[in-house]
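Heavy-atom basis, side chains included; hydrogens, waters and symmetry copies ignored. A note on names: the letters A, B, ... follow the listed sequences, proteins ahead of strands, and every chain is numbered from 1.
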Amino acid sequence: MAETAIVKADRREPMAGAAMANAAVTIKATAPMSRLSLRAGTDALPALSAALGLDLPQRPKQTAGHGDRAALWLGPDEWLVLDLSGADLMAAVSGADGVFSAVDVSHRNTGFTVTGQGAADTLACACPQDLRLAAFPAGAASRTVFGKAEVVLWRQSETQWHLECWRSFAPYVFGLLKEGAEDAVLT
Amino acid sequence: MLLIRCPYCEEERPELEFRGAGEAHIARPANIAEIPDEEFEAFFFLRDNPRGITFERWRHIHGCGRFFNAARDTVSDKFLTTYKAGEPKPDLGAIRGDKA
C-alpha cells in the first residue's frame with residue numbers, strides 16, 4: 001500500500017502584509033481573528049452574553065468588549081462578534097440556552113486597521129456616513145457601504161478604526177483606502 | 001445626498017445604504033386559495049403610482065437589514081416620515097402641521 005502524506009492546509013489571508021502609511025494615516029491588514037455572525041431574540045441574550053463573557057449591546061451602533069473579544073451591534077437581532085486571539089467562538093456559544101443562529105465567518109471577512117489623525121478623512125473618501133466624532137463616537141460601530149462594497153466600520157478610538165469587509169472585496173477596499181489616504185494627507 | 005431616517009437605527013443615514021421595496025400596507029388575503037383571479041390580480045400585481053404622497057416599504061439593506069415603512073412625496077422626493085414595519089399608517093396631517 002502506498003503511503004499517503006497528509007498535507008495540512010495553511011490559512012492564507014487575502015491581504016497578508018498589505019500596508020501603507022503617510023503623514024496623516026496608517027493602513028494595515030489585520031492579523032487573522034475569529035468572527036461570528038450572531039442572530040438572536042432578546043430571550044436568548046442573557047445566555048449568549050454569559051457564554052461570550054460580554055454584554056451584547058442592544059442599542060444602535062453600540063459595541064461591547066472584554067479583553068480580546070468584542071461584539072458589534074449590526075441590527076436589532078444581529079451582532080458581529082470578533083475575537084483577536086482566535087478563540088473558538090462557535091464552541092463558546094454552542095452550549096447556550098435559547099433559540100439563536102451562529103455562523104462562523106472568520107474566513108469570510110478580512111479586516112483593515114486605519115489609524116491616525118486623517119483616519120476619518122480617509123474613510124470618508126468612499127463612505128457616505130457622517131464619520132465626525134459627534135455622529136460616530138469612539139466605541140461606535142455600524143454596517144455601511146464603502147464605495148460599492150458592504151463593510152462594517154468600528155471606531156475603536158478617536159483616531160483608530162477597524163474596517164471589516166468580505167475577503168473577495170478586500171483588494172478593492174484596500175485600493176480605495178490608499179486613494180483616500182492620499183487625499184487625507186492634503187487636508 | 002438624500003438622508004433617510006431608519007426607525008431601527010434611530011438616525012438619518014445616506015440613501016446608498018437603503019433599497020426601495022415597493023408599496024406598503026398591502027395585506028395578503030387570509031383565504032388566498034379561494035379568492036377569484038381578479039382579486040388575486042389586484043393583490044399581487046396592481047399597484048398605485050400616485051403623484052404626491054405615497055406609502056412605501058424600504059429596506060436598510062446595508063445597515064441594520066430591516067424593512068420599514070416610509071411616507072414619501074413623489075413630487076419633491078421628500079420623506080415625510082418613516083416608521084417601523086407593522087405600525088399603522090401615521091397621521092400625515094399632524095406631520096405636515098395641518099390644522100384640524
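Open room surrounds CZ on Phe44(B); 12 or fewer heavy atoms of other groups in view lie less than 6.0 Å from it. Under a cut-off of 6.0 angstrom, the local environment of CZ in Arg47(B) is crowded, with over 12 non-hydrogen atoms contributed by other residues, nucleotides or ligands. Under a cut-off of 6.0 angstrom, the local environment of CG in Asp68(A) is crowded, with over 12 non-hydrogen atoms contributed by other residues, nucleotides or ligands. Within 6.0 Å of atom CG in Asn31(B), more than 12 heavy atoms from other residues, nucleotides or ligands are found, so the atom counts as buried in its surroundings. Other residues, nucleotides and ligands contribute at most 12 non-hydrogen atoms within 6.0 Å of the CZ atom of Arg19(B).
Within the model, atoms CG of Leu16(B) and CD of Gln129(A) stand 11.0 Å from one another, a figure rounded to the nearest 0.5 Å. Atom OG1 of Thr144(A) is separated from atom CZ of Arg13(B) by 6.5 Å, given to the nearest 0.5 angstrom.
Contact annotation: the side chain of Glu78(A) never approaches that of Cys64(B) to less than 4.5 Å [non-hydrogen atoms, C-beta and beyond]. Contact annotation: the side chain of Glu11(B) never approaches that of Pro60(A) to less than 4.5 Å [non-hydrogen atoms, C-beta and beyond].
Between chain A and the residues Glu17(B), His62(B), His60(B), Glu15(B), the most heavy-atom pairs under 4.5 angstrom are made by His62(B).
Leu3(B) does not touch chain A: none of its heavy atoms, backbone or side chain, sits under 4.5 Å away. Looking at Asp77(A), both its backbone and its side chain come within 4.5 Å of chain B, counting heavy atoms on both sides.
Looking at Lys61(A) and Glu10(B), no side-chain N of the basic residue comes within less than 4.0 Å of a carboxylate O on the acidic one, giving no salt bridge.
Phe100(A) and Leu89(A) fall within a single hydrophobic cluster, where Ile, Leu, Val, Met, Phe, Trp and Tyr side chains are chained together by heavy-atom contacts under 4.5 Å. Follow the hydrophobic side-chain contacts under 4.5 Å out from Val151(A) and you never reach Leu72(A); the two are in separate clusters.
Shortest non-hydrogen contact noted between Trp73(A) and Tyr8(B) is CH2-O, 4.1 Å.
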